[in-house]
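Beneath this line is the structure, given in structure tokens, with notes to follow.
The model shown is predicted, which means the values in this text are computed figures rather than measured ones. For ligands, and for the atoms within them, numbers begin at 1 and follow the listed sequence.
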Amino acid sequence: MTYKTLDDIGDVAGTRILVREDLNVPMADGRVSDDTRLRATVATVSELADRGAIVLVLAHFGRPKGNPVPSMSLALVTAAYADVLGRPVRFVDWDGAADAVATMRLGDIAVLENTRFFAGEERNDPELVERFAALGDLYVNDAFSAAHRAHASTEGLARQLPAFAGRAMEAELGALEKALGRPEHPVAAVVGGAKVSTKLDVLKHLVGRVDHLIIGGGMANTFLAARGVKVGRSLCEHDLTGTADEIMDAADRAGCTVHLPYDVVVATEFQPDPATRTINVHEVAADEMILDIGPAAVEALGDVLKNCRTLVWNGPLGAFETPPFDAATVALARTAAALTGDGSLVSVAGGGDTVAALNQAGVGDAFTFVSTAGGAFLEWMEGRELPGVAALFR
Ligand code: ADP
Ligand code: MG
């Protein structure tokens with residue numbers, strides 16, 4: 001089983017195509033403050049318009065909870081979207097949508113109003129699915145970031161109309177398949193971030209799939225504590241040391257090597273550029289906090305990556321927002337980027353803070369693929385089936 005793409009969609013001249021995109025952009029003072037998500041839609045929307053389709057973009061915007069909320073109208077995004085596309089874009093309200101669509105011509109593009117103005121969107125209500133479906137002939141899902149939700153516009157429509165993956169969706173699925181679906185081994189995973197508790201399912205899934213599990217960030221402290229290391233005032237979930245032990249045992253059984261740092265950077269205060277010590281993990285004083293992994297660990301991890309063919313990365317190795325605790329994340333990210341450039345590593349990363357950290361390291365474009373999908377990326381790393389993706393596999 002596989003999914004169909006725009007290569008399989010045939011002659012679409014004059015065909016009305018409902019295209020699910022992610023237009024959920026941040027706003028400041030009534031303006032779009034970051035158009036990354038809008039740019040991600042251009043390949044699909046422009047291609048379909050160029051091929052003569054009538055393109056009807058479906059998206060949610062904010063959390064209006066099933067009611068029309070003027071401040072969450074996609075009318076506010078239409079002008080910025082037209083700028084990004086470099087083409088005219090109409091806005092179509094839900095009232096009279098069918099009449100408005102009937103006046104559209106080949107190659108026209110419209111943004112339909114916020115799908116979450118209907119309570120049935122998040123409930124995946126069949127009546128709403130039919131109402132949406134009546135506006136179009138075909139359905140294209142191009143919003144991987146919304147695919148972990150079984151909503152009317154993400155899952156329901158894919159079952160109601162002939163369904164295809166858009167170009168951004170296709171790129172994301174292809175990259176994820178290369179990273180964890182059918183990767184070239186050896187595979188390394190970097191898992192960092194604040195807490196073990198938010199990434200338990202990720203860790204459990206990865207130990208059975210990767211050859212090297214590199215644990216950094218605050219969550220490494222819980223694993224160190226499980227091994228009897230005194231972590232002082234570090235962020236640490238002491239109640240999860242048993243779980244950390246289980247994960248390390250499961251890794252052993254699966255032949256996955258778990259890498260914990262053996263040197264760390266500590267401070268007694270958490271503020272920019274405080275006095276720090278770089279020490280062995282066994283030397284943390286009672287009043288100190290581990291805020292980054294150390295340079296010796298980073299060098300050893302760089303050597304691990306040199307012997308790997310695939311890397312999947314979620315979570316920073318230290319408290320990267322506060323220098324100098326970004327040093328390990330930046331250094332290892334640059335190593336991974338260089339290996340990717342050499343062609344020896346396929347590198348895929350995702351997660352809100354991870355993307356910010358990679359950009360801070362100046363390597364956001366140097367990885368094979370960086371997912372901006374947030375929740376959907378994490379659910380995929382947990383090995384879960386995403387309903388919006390599953391519905392395309394028919
Ligand atoms: P992502 O958004 O990429 O999934 P997370 O949200 O899980 O990543 O984790 C990012 C957060 O983890 C950052 O705010 C970072 O400051 C924090 N963090 C990383 N290492 C530490 C540490 N040693 N102590 C405290 N916080 C840390
Ligand atoms: Mg985060």
Heteroatom distance test ([X], ligand 1): nitrogen or oxygen, under 3.5 angstrom:
X: Gly192; result: no
X: Thr198; result: no
X: Ile290; result: yes
X: Ala194; result: yes

**Message:** Run the salt bridge (charged side-chain N to carboxylate O under 4.0 Å, His left out) test on Asp108 and Arg105 for me, step by step, so that the C-alpha distance in whole Å, both residues' side-chain angles and the decisive distance to 0.1 Å come before the verdict.
**Reply:** CA-CA 6 Å; Asp108 282 354; Arg105 293 198 303 232; 5.1 Å; no
**Request:** Have a look around the Mg ion (ligand 2) and list protein N/O/S atoms under 2.8 Å, or say none.
**Result:**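 Near the Mg ion (ligand 2), below 2.8 Å, one finds Asp353 OD2.
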**Message:** What I want to find out is whether Arg233 reaches Glu288 closely enough, with some N-O distance under 4.0 Å, to be called a salt bridge.
**Reply:**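 A salt bridge is absent here (no side-chain N lies under 4.0 Å from a carboxylate O).
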**Asked** Is Arg131 salt-bridged to Glu127, cutoff N-O under 4.0 Å?
**Response**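 No salt bridge links Arg131 with Glu127.
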**Message:** On a heavy-atom basis, I'd like to know which of Ala328, Gly193, Gly352 is closest to atom 9 (O) of ligand 1.
**Reply:**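 Nearest option to atom 9 (O) of ligand 1, by heavy atoms: Gly193.
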**Asked** Nearest heavy atom to atom 16 (O) of ligand 1: which of Lys195, Met381, Met289, Glu321 does it belong to?
**Response**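 The option holding the nearest heavy atom is Glu321.
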**Item:** Check: Cys256 main-chain N/O paired with Asp211 side-chain donor or acceptor under 3.5 Å
**Value:**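 Side chain of Asp211 to backbone of Cys256: no pair is present.
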**Asked** Do side-chain atoms of Asp99 reach the backbone of Gly96 as a donor and acceptor pair under 3.5 angstrom?
**Response**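 Side chain of Asp99 to backbone of Gly96: no pair is present.
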**Message:** Below a 4.0 angstrom heavy-atom separation, can you tell me which part of Leu378, side chain or backbone, both or neither, approaches ligand 1?
**Reply:**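 Contact part for Leu378 vs ligand 1: neither.
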**Asked** At a 4.0 Å threshold, what atoms of ligand 1 neighbour a non-hydrogen atom of Leu235?
**Response**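 What qualifies from ligand 1 is 25 (C), 26 (N).
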**Request:** Give the residue, atom name and distance (to 0.1 Å) of the protein heavy atom nearest atom 18 (N) of ligand 1.
**Result:**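 Ranked first by proximity to atom 18 (N) of ligand 1 is Gly318 O, 3.9 Å.
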**Protein heavy-atom partner closest to atom 3 (O) of ligand 1 - residue, atom, separation in Å** =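 Heavy-atom neighbour on the protein nearest atom 3 (O) of ligand 1: Thr354 OG1, 2.5 Å.
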**Request:** Assess the pair Trp94 and Phe118: is the distance between their ring centroids shorter than 6.0 Å?
**Result:**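 Yes; Phe118 has its ring centre under 6.0 Å from that of Trp94.
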